[in-house]
J.: 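Okay, handing you the structure first.
First listed ligand is number 1; within each ligand, the first listed atom is number 1.
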Amino acid sequence: MKINSEILSKYDVPVPRYTSYPTVPYWDQSPSREDWFAALHQEISRNPNLTWSLYLHIPFCETLCTFCGCNTVITKDHKRELPYIRSLIKEKNLYLNKFPELFKRPLQQLHLGGGTPTFLQPQALVQLVKDFLQDVQVDPKYFEGSIEVDPRRTSREHLKVLKDLGFNRVSMGVQDFDPEVQRLVHRIQPLEQTQELTQISRDLGYTSVNYDLIYGLPKQTLDSFTYTAQKTVQLQPDRIALYSFAKVPWIKPQQRLFKDEDLPEGLEKRQLYERAYEILTDAGYLEIGMDHFALPSDSLAEAFKNKRLHRNFMGYTDQKTDILLGLGVSSISESPTCFHQNEKILPVYESCIHEGKIPTFRGHLLSQEDQIQRKLILQFMTEGEVTLGSAFELEDAKNFLKEMIEDQLITILGDKVKLTANGRPFLRNACVFLDKKMRQAKKNESVKIFSQAL
Ligand SMILES: C[S@@+](CC[C@H](N)C(=O)[O-])C[C@H]1O[C@@H](n2cnc3c(N)ncnc32)[C@H](O)[C@@H]1O
Ligand code: SF4
């Protein structure tokens, strides 16, 4: 693709990443605990073929990477492991007692995310996962167990005990292989460490290994990122998430440590993505959706080809389930009609659980209109095209997207809106058309909510 800096700067505005719709800042119909229970109950009783998945959030990290936008608790105190595990188990039991029918349906996916789930020692992980597995139904043929790991804090033993419990996917935080970039983001992770853990994962029989990379970090250059992409290709992960550095210093003040002049932005930043794109696609990877790549043999690539790709709070996935139950501090759950987020502050979360209450922080009850818009945004984000049907006026589309059409970033044929090859970087911008909540909000309100589009 030929990159034009004028076009890039025109569209490099704050827009959502659309891992949910409505996006979190526009949640305005917050459910009470009872509303959330009612939404779950409704789905469980309505849908005889209901599928579900579990996400467990482990917030702890031993050290802080200064780019990080995740919900973390930085500590070296491993005595905090067991009380937290007890809280997770207690939270699960609250749901189990209230919705025993849900736990009788086969669990499709159990995902451990963070923070750093391997902050927990292997035996603590065993205790946690075993407790959950004894209360759910699992069909080993279809079950996916996955974990996010930090290679600096993950041993063979961690991966071995999880493999023995049926886990089959591992996602590694890599970010960048260049030592200077690593130093600047406070994350020294020698290439050999990532290489060794990748080999261990393969030897143990994990069927899918993912690497997370980030472009837009301080002092990344075309040369240094070429090195990162080439090394990635050599190590052959099945999947790669190539994230744009989300700069949100008003939420994550540690990002203020970066010097502005060190941060690649605009055209310079986008060129990093395009360079990695060339190297990865030349090596046989397929670009999936906005920022993911997969080998053709991987199930994510299959799902993309067969239009079965899904997107949720964790990004692109081939596992679409009707209910995603997120447990742990700050976790988000979703059902077809409701989003629900747990308390974000650890002591508040723990004291709720201690009192035997689901730790509701906020959420959103989806109206009929929200549900239709959610479906269309999901289609656009996963397929790069969307059929408007009767949900949107064609004239409205043509007006709202006029500049993108003139800039040859999208086309409208009949009632189908489609991203062009040049439009690839601007999927999030085009999605705003379908985002009635954002469009209704005051124009300048979005400025300090979302990271930049590129
Ligand atoms: C929970 S971490 C992964 C597991 C583990 N904590 C680690 O870092 O290795 C999730 C991923 O989010 C991505 N991430 C975190 N902060 C980000 C930011 N500000 N912009 C873009 N991606 C970010 C990183 O690629 C990171 O690997
Ligand atoms: S990137 Fe991972 S290890 Fe680093 S602070 Fe964030 S969650 Fe923790």
J.: Looking at Cys68, which atoms of ligand 1 are within less than 4.0 Å of one of its heavy atoms?
T.: 16 (N)
J.: Can you see whether Asp407 engages Tyr11 through a side-chain donor-acceptor pair at a distance of less than 3.5 angstrom?
T.: yes
J.: For Thr72, counting its heavy atoms only, list the atoms of ligand 2 lying under 4.0 Å from any of them.
T.: 7 (S)
J.: Glu62 near ligand 2, heavy-atom distance under 4.0 Å?
T.: no
J.: Between Arg187 and Asp150, is the salt bridge (charged side-chain N to carboxylate O under 4.0 Å, His left out) condition met? List the steps.
T.: CA-CA 10 Å; Arg187 184 183 175 115; Asp150 175 347; 3.4 Å; yes
J.: Considering heavy atoms of the protein only, find what lies nearest to atom 11 (C) of ligand 1 and give residue, atom and distance to 0.1 Å.
T.: Asp212 OD2, 3.3 Å
J.: Would Asp203 and Gln199 count as having a side-chain donor-acceptor pair, cut-off 3.5 Å?
T.: yes
J.: If you measure from the Lys or Arg side-chain nitrogens to the Asp or Glu carboxylate oxygens, is any gap between Lys269 and Asp12 under 4.0 Å?
T.: no
J.: Which ligand 2 atoms, with their elements, are less than 4.0 angstrom from a heavy-atom of Asp150?
T.: 3 (S)
J.: Please check this pair: side chain of Tyr316 against backbone of Met290, looking for a donor-acceptor N/O pair closer than 3.5 Å.
T.: yes
J.: Before signing off on this row, confirm whether Gly114 and ligand 1 have an N or O atom pair separated by under 3.5 Å.
T.: no
J.: Can you tell me the protein heavy atom closest to atom 21 (C) of ligand 1 and the distance?
T.: Ser244 O, 3.3 Å
J.: What protein heavy atom lies closest to atom 12 (O) of ligand 1? Include the residue and the distance to one decimal.
T.: Cys70 SG, 4.0 Å
J.: Looking only at non-hydrogen atoms, which of Ser171, Gly115, Gly216 approaches atom 4 (C) of ligand 1 most closely?
T.: Gly115
J.: Can you tell me if an N/O/S atom from Cys61 lies under 2.8 Å from atom 4 (Fe) of ligand 2?
T.: no
J.: Please identify which atoms of ligand 1 are closer than 4.0 Å to at least one heavy atom of Glu148.
T.: 1 (C), 3 (C), 4 (C)
J.: Answer yes when Arg202 and Asp238 have at least one side-chain N-carboxylate O distance shorter than 4.0 Å, and no when they do not.
T.: yes
J.: Should Lys141 and Asp139 count as an ion pair when the cut-off is N to O under 4.0 Å?
T.: no
J.: Judging by distance only, is a nitrogen or oxygen of Ile214 under 3.5 angstrom from one on ligand 1?
T.: no
J.: How close does the nearest protein non-hydrogen atom get to atom 17 (C) of ligand 1, and which residue and atom is it?
T.: Gly69 N, 3.8 Å
J.: Any salt bridge between Lys437 and Asp28, counting N to O under 4.0 Å?
T.: yes
J.: Can you tell me the protein heavy atom closest to atom 20 (N) of ligand 1 and the distance?
T.: Ala246 N, 2.9 Å
J.: List ligand 1 atoms under 4.0 Å from Gln255, heavy atoms only on the residue side.
T.: 19 (N)
J.: Is ligand 1 under 4.0 Å from a heavy atom in the side chain of Gln175, in the backbone, in both, or in neither?
T.: side chain
J.: For ligand 1, is Arg152 a contact, meaning one of its heavy atoms is under 4.0 Å away?
T.: no
J.: Inspect the contact between Lys357 and Glu343 and indicate whether a charged nitrogen and a carboxylate oxygen are less than 4.0 angstrom apart.
T.: no
J.: Do Lys160 and Asp164 meet the salt-bridge criterion of a basic N to acidic O distance under 4.0 Å?
T.: yes
J.: Would you say the side chains of Tyr215 and Thr228 form a donor-acceptor pair under 3.5 Å?
T.: no
J.: Give the numbers and elements of all ligand 2 atoms closer than 4.0 Å to a heavy atom of Phe67.
T.: 1 (S)
J.: Closest non-hydrogen protein atom to atom 4 (Fe) of ligand 2, residue and atom name please, with distance?
T.: Cys65 SG, 2.3 Å
J.: Can Glu334 and Asn312 be counted as having a side-chain donor-acceptor contact under 3.5 angstrom?
T.: no
J.: Side chains of Ser208 and Arg169: any donor to acceptor distance under 3.5 Å?
T.: yes
J.: As an exercise, identify every atom of ligand 2 less than 4.0 angstrom from a heavy atom of Thr116.
T.: 3 (S), 8 (Fe)
J.: Could you see which bit of Val149 sits under 4.0 Å from ligand 1, with heavy atoms only: side chain, backbone, both or neither?
T.: backbone
J.: So which bit of Arg187 gets within less than 4.0 Å of ligand 1, heavy atoms only: side chain, backbone, both or neither?
T.: side chain
J.: Return the closest protein heavy atom for atom 6 (Fe) of ligand 2 as residue, atom name and distance.
T.: Cys68 SG, 2.3 Å
J.: Which part of Cys61 is near ligand 1, with near meaning a heavy atom under 4.0 Å away: side chain, backbone, both or neither?
T.: neither
J.: Quick one: look at Met172 and ligand 1, take heavy-atom pairs under 4.0 Å, and tell me if it's side chain, backbone, both or neither.
T.: neither
J.: Any idea which part of Tyr243 is under 4.0 Å from ligand 1, heavy-atom wise: side chain, backbone, both or neither?
T.: side chain
J.: Is it the case that the ring center of Phe60 lies less than 6.0 angstrom away from the ring center of Tyr84?
T.: yes
J.: Contact between Cys65 and ligand 1, counting heavy atoms under 4.0 Å?
T.: no
J.: I'd like to check whether Thr116 has a polar contact with ligand 1, where a contact means an N/O of the residue lying under 3.5 Å from an N/O of the ligand.
T.: yes
J.: Strictly below 4.0 Å, N to O, side chains only: are Glu265 and Lys247 in salt-bridge contact?
T.: yes
J.: Is the closest N or O pair between Phe67 and ligand 1 shorter than 3.5 Å?
T.: yes
J.: In the protein, which heavy atom is nearest to atom 2 (Fe) of ligand 2, and how far is it?
T.: Arg187 NH1, 4.0 Å
J.: Is it the case that His364 and Asp370 place a side-chain donor and acceptor less than 3.5 Å from each other?
T.: yes
J.: How about His186 and Phe67: are their ring centres within less than 6.0 Å of each other?
T.: no
J.: For a side-chain hydrogen bond (donor to acceptor under 3.5 Å, both in side chains) with Ser299, tell me which candidate from Arg239, Glu144, Arg308 qualifies.
T.: Arg239
J.: Measuring from the heavy atoms of Gly115, does anything fall under 4.0 Å of ligand 2?
T.: yes
